[in-house]
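In what follows, chains are A, B, ... by sequence order, proteins preceding strands, each numbered from 1.
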Protein chains: 4
Amino acid sequence: MARAKNEDKRALILLTSKTLFAQKGFFNTSISDIVSETGLPVGSIYTYFKNKEEIVKVIVEEGWADLHARLLDHFRSTKDPLEKLQALIETFLPGLFDDLDLINILLAEALDYTRIEEKLEELTKMIFSVLRSLAKNNDIKLEYSKKEMEVALIVYFLGILHAVKLARSTDIGVSIPEIMEFVKKSIEKTMGLKV
Amino acid sequence: MARAKNEDKRALILLTSKTLFAQKGFFNTSISDIVSETGLPVGSIYTYFKNKEEIVKVIVEEGWADLHARLLDHFRSTKDPLEKLQALIETFLPGLFDDLDLINILLAEALDYTRIEEKLEELTKMIFSVLRSLAKNNDIKLEYSKKEMEVALIVYFLGILHAVKLARSTDIGVSIPEIMEFVKKSIEKTMGLKV
Amino acid sequence: MARAKNEDKRALILLTSKTLFAQKGFFNTSISDIVSETGLPVGSIYTYFKNKEEIVKVIVEEGWADLHARLLDHFRSTKDPLEKLQALIETFLPGLFDDLDLINILLAEALDYTRIEEKLEELTKMIFSVLRSLAKNNDIKLEYSKKEMEVALIVYFLGILHAVKLARSTDIGVSIPEIMEFVKKSIEKTMGLKV
Amino acid sequence: MARAKNEDKRALILLTSKTLFAQKGFFNTSISDIVSETGLPVGSIYTYFKNKEEIVKVIVEEGWADLHARLLDHFRSTKDPLEKLQALIETFLPGLFDDLDLINILLAEALDYTRIEEKLEELTKMIFSVLRSLAKNNDIKLEYSKKEMEVALIVYFLGILHAVKLARSTDIGVSIPEIMEFVKKSIEKTMGLKV
DNA sequence: AATGAATGAGTCTTCATTCAT
DNA sequence: TATGAATGAAGACTCATTCAT
């Protein structure tokens, strides 16, 4: 009885807000902007979300969960660490780069709204374990300690995200394929193998 | 004298705003916060700056100019590219890392208020020319093209800044000295020499 | 059976609302508060009551009717005006004082939602007639005219209620037994007899 | 320099709000009502008061302080306790009754916004000391203990205020002069003297 | 009848900027 | 020039009530 909560509306609010937050920033996007853009009445925003802050939080949380799940899928589809690495580079990263809105939000506001450090740690661990297996399998002597790898991965990941963001929104003179190429070459150099 | 007093006020506004913007963000800092913190009357803020936006712009612009000048000073103090590189690593970077407030502002809001891409380009060019001389002087065959170096420098620079920011404000499990160490090692690996 | 269930719901709404209105006030109590506290669906509130206002009105109306009925019962149980007076003082007043929630609502909002003056008049008449019979029976010469008695009863009644309210909710330094004692002594003084 | 805060505006806001609060109640009076009625811009309300709640608090606080001061003046103007009592009855009470708006606010909302019990205690002490001197001077044996007097004064005061409120706003059948008369007679009875 | 999502007018409050003094 | 009161559009959010299911 009574109307059931409408999943489509929730999704519409999230999608619209994500675009707006990415374009204009969280603070420059008003609830009234979201209302105009979605065509929903103000009240409806609040039947689906406690407040404006919760909207960003959910965008980040669900966006990240999605990325994470996709990566896990790729990792589970093979045992070979090299294939895992390839999946990471050829499928996961481009997929992530497509979600520029999420990247924007993550880099701009996520710090205040979600534990970004936990997410980075999750990711770092997964990649580190792949690289280690890869090294083991191919008899590669890694020149970096665990801690060094950790630092490297964090710096790379944040750097790549930010570079992609700038690549799309400014005249930085660097393209996304070039960034992809850089990532690939770096890994190849570090691991001494072709991907 | 009166002039000096005015400069003091301007500087006070900039310093206070910088701290506040870095701590609470641009949008969560009100002019009235700046007024309370500086003890100046509201009107004064507007005799020194056109509006709130101009305050961030000046903070970023002057902050960057300062960094840039410091780097140039170091570069001019020697002809030896290795010494230049060392100055970069041992003086410039730590100096930059000390200005965490500026880093915070640059990464969070700068995009909207200043041409960060131009600044990155400036920096990239300087470093690139150092590395090239270094390679030439030491007969190192650089394995990266100019474009690749550009991409690499951008990714590294942004990644390092963001990592430092996170290192200070969250529990990311990575310290600034570790980040410094990573930078050094990366350069040594890439250039095949000790710094 | 189904009917009984409905009566239960209606009663639950009234009881819960009464507590909430007394605790937080009518305007600080939202329908949603009543919903949370009762566990009933919002819609149910509106199948039992036209709107929020009607809930207070019913609380006051039924609460008063109950008090009135109890008083009448006591009065009917005896012919002796002295016993009536005693019933009034020893049973009715303490009973009323126990319904602090009703007192709170009556004093705070009743004016807007119910004809409190009619209720006061009803009560005043009953008490006045008791006192008159008492005076007659005991050959007491009342020093107050009818009008004066009316004023006195109104002032006393309102003053007592408000004092009880304050006694319970603030640190007024006066207890309910002390108020009871004052009432008794006043009547004894006025009527020149022991109760 | 700059405009000085305008005492007239502050007074206008207080006066207007007092009337509105008394007429429609605190919760039924919106800031926007105050704005319409005063003709001031919204912002101005907030340059003079922190928020809506502060407006009531100030109304009550300043209103009470005024009453209190007036009473003190009367008390200081004479040493004779009988004259003090007369001042109380013939000047202070009528003055208070004229400020019906304040009475309304005091009885309706004061509990939540001001320590009404402290105010009652202040008043009670003053009156009690007058009555005691009076008793002493005239060799009257007071039949009430200090505590009893306290209770009596509280009940009387609250009862009178509430009765006056009802007398003005409803059809309670009792007039303010009649209430005044009752007060006078009660005191005369209790103290055994003419006022 | 029962339900609870839907609605949007209305709430209080903020705040960058202006301008009278 | 220095000041800080004045301004009002815009902000996020609430909530009694309705009505589709």
- Item | Per-nucleotide pairing state of DNA chain F [Watson-Crick or G-U, under 3.5 Å; [ ] pseudoknot-crossing; | other strand] | .||||||||||||||||||||
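- Heavy atoms of D:Y48 sit under 4.0 angstrom from primed sugar atoms or phosphate atoms, though from no base atom.
- Take C:E37 and apply the side chain to side chain donor-acceptor pair (under 3.5 Å) test, not counting sequence neighbours, and it matches no residue.
- Taking atom NZ on D:K24 and atom P on E:dG10, their separation rounds to 12 Å, with Å as the unit.
- Atom CD of B:E54 is separated from atom C1' of E:dT17 by 14 Å (rounded to the nearest Å).
- Residues satisfying the salt bridge (charged side-chain N to carboxylate O under 4.0 Å, His left out) test with A:D171, not counting sequence neighbours, are none.
- In this view, A:K5 satisfies the side chain to side chain donor-acceptor pair (under 3.5 Å) rule with no residue, not counting sequence neighbours.
- Qualifying salt bridge (charged side-chain N to carboxylate O under 4.0 Å, His left out) partners for A:E53, counting only residues two or more places apart in sequence or in other chains: A:K57.
- Sequence order on DNA chain E of the closest nucleotides to B:E53 and A:N6 puts A:N6 first from the 5' end.
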- Under a 4.0 Å heavy-atom criterion, the protein footprint on nucleotides 7-12 of chain F, written with B, S and -, is BB--SS
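- The shortest distance between side-chain heavy atoms of D:I59 and D:I105 falls below 4.5 Å.
- Atom pair A:F49:CZ and E:dA5:P shows a separation of 14 Å (rounding to whole Å applied).
- Scanning for salt bridge (charged side-chain N to carboxylate O under 4.0 Å, His left out) contacts around D:K119 gives D:E61, with sequence neighbours left out.
- Side chain of D:D33 to backbone of D:S30: a donor-acceptor contact under 3.5 angstrom is found.
- The separation between C:L20 atom CG and F:dA16 atom P is 12 Å, rounded to whole Å.
- Remark: P of F:dA5 and CD1 of B:I45 are 15 Å apart, rounded to the nearest angstrom.
- Partners of A:K9 according to the side chain to side chain donor-acceptor pair (under 3.5 Å) rule, which considers only residues two or more places apart in sequence or in another chain, do not exist here.
- Summarising the geometry, the separation between CG on C:N28 and C1' on E:dT11 is reported as 13 Å, rounded to the nearest angstrom.
- Atom P of nucleotide E:dT13 and atom CD1 of D:I34 are separated by 10 Å, given to the nearest angstrom.
- The side-chain hydrogen bond (donor to acceptor under 3.5 Å, both in side chains) contacts involving residues 11-22 of chain D comprise D:K18-D:D99, where partners must be two or more places apart or lie in separate chains.
- Residue A:E7 contributes atom CD, which lies 14 Å from atom C1' of E:dA5 at whole-angstrom precision.
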